[in-house]
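Worksheet: the structure to be examined is printed underneath.
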Protein chains: 2
Amino acid sequence: MDRKALFDQAVAFITSVHQVTYEMTKDFALGDITPVQYGILEYIAVAQPVTLSQVSDCKHISMPNTSRELKKLTDRGLCEKFDAPDDKRKQYIRLSPDGQAFMNAAFGHMEGQFRMRLATATEEQLEQLSAAMGVLQASLFSEKS
Amino acid sequence: MDRKALFDQAVAFITSVHQVTYEMTKDFALGDITPVQYGILEYIAVAQPVTLSQVSDCKHISMPNTSRELKKLTDRGLCEKFDAPDDKRKQYIRLSPDGQAFMNAAFGHMEGQFRMRLATATEEQLEQLSAAMGVLQASLFSEKS
DNA sequence: TTGTTTGATTATCAAATGATAACTAAAGAG
DNA sequence: CTCTTTAGTTATCATTTGATAATCAAACAA
């Protein structure tokens with residue numbers, strides 16, 4: 001198989017994923033939440049409870065900046081910090097009820113877009129889709145390295 | 001098929017794609033080119049020649065800001081503007097030789113990462129991969145809407 | 001115990017990005 | 001020929017984001 005052609009296909013594919021992700025999320029009102037803050041909330045939503053260091057590592061934001069943004073978010077009542085029982089240096093973070101509601105709305109919006117895109121798909125096509133994502137995530141887009 | 005589960009899988013998948021894309025590109029030296037500027041160059045590379053308006057539309061940057069960033073890039077000798085023969089209002093943009101060299105290096109780096117990830121894959125797996133990307137791009141990540 | 005590492009905070013600064021208004025010139029519509 | 005729209009530019013401003021230094025307390029290692 002032609003690896004160069006496969007690479008070109010992968011570039012086009014990645015571009016499409018980014019493009020479609022943008023289109024599926026752009027018309028959700030962030031209010032006064034900045035894109036970076038939204039990314040943090042999204043990460044907390046799927047991984048909570050998390051420490052500040054985890055947010056810093058996973059979202060590639062320096063600790064001082066992570067601390068700053070997270071302070072803003074807690075001040076706005078979207079998430080809560082609580083001490084780790086084992087290590088008094090650590091702080092865990094989770095979404096507050098307001099934060100949960102916000103993220104539920106965000107994910108709900110995304111899911112709506114998602115369903116629209118797949119509205120006309122047959123059962124068989126959905127199975128194919130799931131299988132295709134499985135294949136890709138097991139190989140090209142695995143995060144083990 | 002459970003659509004909610006499929007949605008969750010899609011969210012995880014999209015996250016992985018973004019994550020891996022970041023990891024494949026992060027250690028390429030941008031020099032004094034900013035991320036937004038890099039995105040513009042990448043777009044020009046695959047779509048050249050393009051007008052300013054096209055860049056603005058596709059990269060979701062307002063015309064004034066597109067004009068500003070493109071001016072910086074042409075000043076640095078990475079791309080060139082030339083008048084459209086048919087419409088004197090339009091300006092086409094293409095990469096300069098330096099810009100081409102830069103983007104060749106960038107794509108070369110990405111391709112290296114890409115090959116590393118697929119180094120142990122069998123011929124059959126590569127075929128599967130290509131097919132999987134085809135399936136996804138034809139359904140979930142099509143950009144027709 | 002002393003020194004070092006880790007987790008987090010605050011303060012400050014610089015740079016990148018986004019937004020808006022005002023403007024020019026060419027093209028197109030009536 | 002006007003009027004409007006399109007393509008692009010310049011200038012300016014606010015905000016967001018990234019980067020760095022200095023600090024603190026707890027944990028850990030010698």
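Throughout, a chain's letter reflects where its sequence line sits, starting with A, and its residues are numbered from 1. All values below were derived from every heavy atom in this structure, side-chain atoms included, with hydrogens, water molecules and symmetry-related copies excluded.
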Any side-chain donor near an acceptor of the partner, A/Gln9 and B/Ser130, under 3.5 Å = yes
Any donor-acceptor pair under 3.5 Å between the side chain of B/Arg68 and the base of C/dG18?
-> yes
Is any N or O donor-acceptor pair between the side chain of B/Asn65 and the base of C/dA19 shorter than 3.5 Å?
-> yes
Nearest-Å distance for atom pair NZ/P, residues A/Lys71 and C/dA8 | 16 Å
Would one find a side-chain N or O of B/Lys81 under 4.0 angstrom from OP1 or OP2 of D/dT9?
-> yes
A/Phe28 ring center near A/Phe102 ring center (under 6.0 Å) | yes
For A/Lys88, does the NZ atom sit with more than 12 other heavy atoms under 6.0 Å from it, leaving out its own atoms?
-> no
How about B/Gln128 and B/Glu124: does a side-chain donor come under 3.5 Å of a side-chain acceptor?
-> no
Is it true that A/Asp2 and A/Lys4 have a side-chain N and a carboxylate O under 4.0 angstrom from each other?
-> no
Between D/dT5 (P) and B/Lys90 (NZ): distance, integer Å | 18 Å
From the options D/dA27, C/dA27, C/dA19, select the nucleotide whose nearest atom is closest to the side chain of B/Lys88.
-> C/dA27
Just how far, in rounded Å, is C1' of D/dA27 from CG of A/Asp83?
-> 15 Å
Among D/dA26, C/dA8, C/dA27, the nucleotide that comes nearest once only the side chain of A/Gln91 is considered | C/dA8
The nucleotide from C/dT10, D/dT17, C/dA8 with an atom nearest the side chain of A/Glu69 is D/dT17
Between C1' of D/dT9 and CG of B/Asp75, the distance in whole Å | 13 Å
Measure the distance from CZ on A/Arg89 to P on C/dG7 and round it to the nearest whole Å.
-> 6 Å
Considering only heavy atoms from C-beta outward, does the side chain of A/Ile44 approach that of A/Leu70 to under 4.5 Å?
-> yes
Given atom CG of A/Asp87 and atom P of D/dA25, what is their separation to the nearest angstrom?
-> 16 Å
Can you tell me how far P of C/dA19 sits from CE of B/Met63, to the nearest Å?
-> 15 Å
Taking DNA chain D as the partner, which of residues 29-54 of chain B come within under 4.0 angstrom of it by heavy atom?
-> B/Thr51, B/Leu52, B/Ser53
Decide whether a cation-pi geometry holds between A/Arg94 and A/Phe82; the criteria are a distance under 6.0 Å from NZ or CZ to the six-membered ring centre and an angle within 45° of the ring axis.
-> yes
Atom CD1 of B/Ile61 and atom C1' of C/dG18 are separated, to the nearest Å, by 10 Å
Could you tell me whether A/Asp86 contacts a base, only the sugar-phosphate backbone, or nothing, with contacts defined as non-hydrogen atoms closer than 4.0 Å?
-> sugar-phosphate
